[in-house]
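Shown next, in structure tokens, is the structure this report addresses.
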Amino acid sequence: MSIRQKVKVRGGAAVAVAAVLALTLAGCGGDEKPKEPAKSSTPQSQGSAPQKSTPQTGSSNAPAEVIATSQGPAGVMLEINSAVRDQDGYVTVSGQIKNTGSTPFTQIAALRGDEKNASPASVAGATLVDAVGKKRYLVLRDTEGRCACTTGLSIVKSGESVPFFAQFPAPPATTTEVVFGLPTFAAAPIKISG
């Protein structure tokens with residue numbers, strides 16, 4: 001038997017096996033109709049495990065509480081919506097960068113501070129200052145140097161609002177007031193909740 005004939009036989013055998021498997025699997029399906037998932041009285045996202053809460057990105061129709069504002073260059077404002085201490089020893093600050101000016105805000109690179117490589121187009125230059133404890137807290141980093149903050153920022157057009165967050169090591173539990181700083185914006189005193 002030549003090689004060409006062996007290939008034809010093997011190819012034909014493979015097709016025959018595939019056909020038998022397909023027919024067998026088709027015969028396994030019963031007459032049962034697929035069951036619809038039970039509806040819950042409480043809305044939940046699809047997925048079985050609860051997810052850790054993350055800063056909101058403005059998907060809610062209700063206006064977020066503003067705990068502080070800070071003026072930036074050319075009509076750009078920083079609105080801080082929350083500064084929350086969690087049980088893991090972190091403080092997460094979140095808010096909006098709003099362009100109320102008439103020209104696009106293009107100074108995104110300045111927001112990263114001295115950060116050049118790991119977190120470009122980010123708010124990695126943000127700081128928290130504990131005046132009482134005389135300490136300055138920088139944005140947390142992972143093992144590769146990337147910030148625990150908003151990344152991938154681009155030009156903020158006139159009238160546009162962009163959400164941001166930055167996570168810091170938490171000051172002592174007795175410290176409830178700190179000053180939030182972001183390059184090119186004025187410092188903003190904020191209260192930590194939680």
Side-chain angles (χ1 to χ4, degrees), residues 52-59 63-194:
K52 189 174 181 181
S53 68
T54 55
Q56 287 191 338
T57 57
S59 60
E65 177 186 3
V66 177
I67 63 170
T69 59
S70 175
Q71 191 63 46
V76 179
M77 286 185 56
L78 190 67
E79 276 189 2
I80 301 171
N81 302 119
S82 67
V84 180
R85 181 189 311 265
D86 67 22
Q87 69 274 8
D88 296 325
Y90 306 116
V91 169
T92 303
V93 177
S94 61
Q96 306 281 326
I97 300 170
K98 292 187 169 188
N99 187 349
T100 60
S102 59
T103 59
F105 177 60
T106 58
Q107 298 175 18
I108 301 299
L111 303 181
R112 69 180 182 206
D114 293 335
E115 175 70 51
K116 301 273 188 268
N117 300 318
S119 304
S122 69
V123 292
T127 59
L128 282 185
V129 175
D130 174 5
V132 175
K134 297 182 177 16
K135 285 191 177 182
R136 182 174 72 156
Y137 298 90
L138 305 177
V139 174
L140 290 168
R141 311 285 178 177
D142 66 13
T143 55
E144 295 177 7
R146 293 181 299 242
C147 73
C149 68
T150 298
T151 59
L153 294 172
S154 61
I155 294 170
V156 183
K157 297 174 186 170
S158 178
E160 190 175 35
S161 181
V162 177
F164 80 92
F165 82 95
Q167 195 169 46
F168 303 89
T174 55
T175 301
T176 58
E177 293 186 16
V178 291
V179 176
F180 180 80
L182 187 63
T184 73
F185 288 88
I190 57 175
K191 288 190 176 187
I192 299 172
S193 63

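Everything quoted here is computed from the prediction, not taken from an experiment.
Under the 4.5 Å side-chain criterion, counting only non-hydrogen atoms from C-beta, N81 is in contact with V66. Annotation: side chain of P171 is in contact with side chain of V91 (closest heavy-atom distance under 4.5 Å). Taking the side chain as every heavy atom from C-beta outward, L153 and L111 approach each other to under 4.5 Å. Counting heavy atoms from C-beta outward, F164 and T151 have side chains that stay 4.5 Å or more apart.
Take T127 and apply the side chain to side chain donor-acceptor pair (under 3.5 Å) test, not counting sequence neighbours, and it matches no residue. T150 pairs by the side chain to side chain donor-acceptor pair (under 3.5 Å) definition with nothing, not counting sequence neighbours. Partners of R146 by salt bridge (charged side-chain N to carboxylate O under 4.0 Å, His left out), not counting sequence neighbours, listed by chain and number: D142, E144. Under the rule for a side chain to side chain donor-acceptor pair (under 3.5 Å), T176 has no partner lying at least two apart in sequence or in another chain.
Distance alone, capped at 3.5 Å, is enough to place a donor-acceptor pair between the S158 side chain and the G101 backbone. In terms of modelled atom types and a separation under 3.5 Å, the side chain of R112 and the main chain of A126 share no donor-acceptor contact. Remark: side-chain polar atoms of N99 are paired, donor with acceptor, to backbone N or O of V156 under 3.5 angstrom.
Rounding to the nearest 0.5 angstrom, the gap separating the OG atom in S154 from the CD1 atom in I108 is 7.0 Å. Taking OH from Y90 and CZ from R85, the interatomic distance works out to 13.5 Å, rounded to the nearest 0.5 Å. Remark: F165 CZ to Q96 CD distance equals 13.5 Å, nearest 0.5 Å. The distance from the OG1 atom of T184 to the CD1 atom of I97 is 8.5 Å, given to the nearest 0.5 Å.
A donor-acceptor contact under 3.5 angstrom links the side chains of S82 and S94, judged on distance only.
Listed by first then second residue, pairs satisfying disulfide (SG to SG under 2.5 Å) with a partner in residues 64-110 number zero, not counting sequence neighbours.
G125 approaches P183 most closely through the heavy-atom pair O-CD, 3.4 Å. Nearest heavy-atom pair, P163 versus S161, reported as atom, atom and distance to 0.1 Å: CD-O, 4.1 Å. In terms of heavy-atom proximity, A83 sits nearest to K191 at CB-O, 3.7 Å. The heavy-atom pair separating T175 from V178 by the smallest distance is CG2-CG1, 3.9 Å. Contact detail for A187 and P189: the closest heavy-atom pair is O-CD, 4.0 Å. Contact record, Y137 with A170: CE2-O, 4.4 Å, taken as the closest heavy-atom pair.
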Could you give me the CA-CA distance, side-chain angles and deciding distance for T92 and Q167, then say whether side chain to side chain donor-acceptor pair (under 3.5 Å) is met? CA-CA 4 Å; T92 303; Q167 195 169 46; 3.2 Å; yes
Taking only distance into account, with no hydrogens and no angle test, what donor-acceptor pairs under 3.5 Å do side-chain atoms of residues 70-80 form with protein atoms, sequence neighbours excluded?
residue, atom, partner, partner atom, Å
S70, OG, A186, N, 3.1
S70, OG, A186, O, 2.3
Q71, NE2, V76, O, 3.4
E79, OE1, K98, NZ, 3.3
E79, OE2, K98, NZ, 3.4

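The only member of V139, L138, I190 that meets side-chain contact (heavy atoms from CB on, under 4.5 Å) when paired with L128 is I190.
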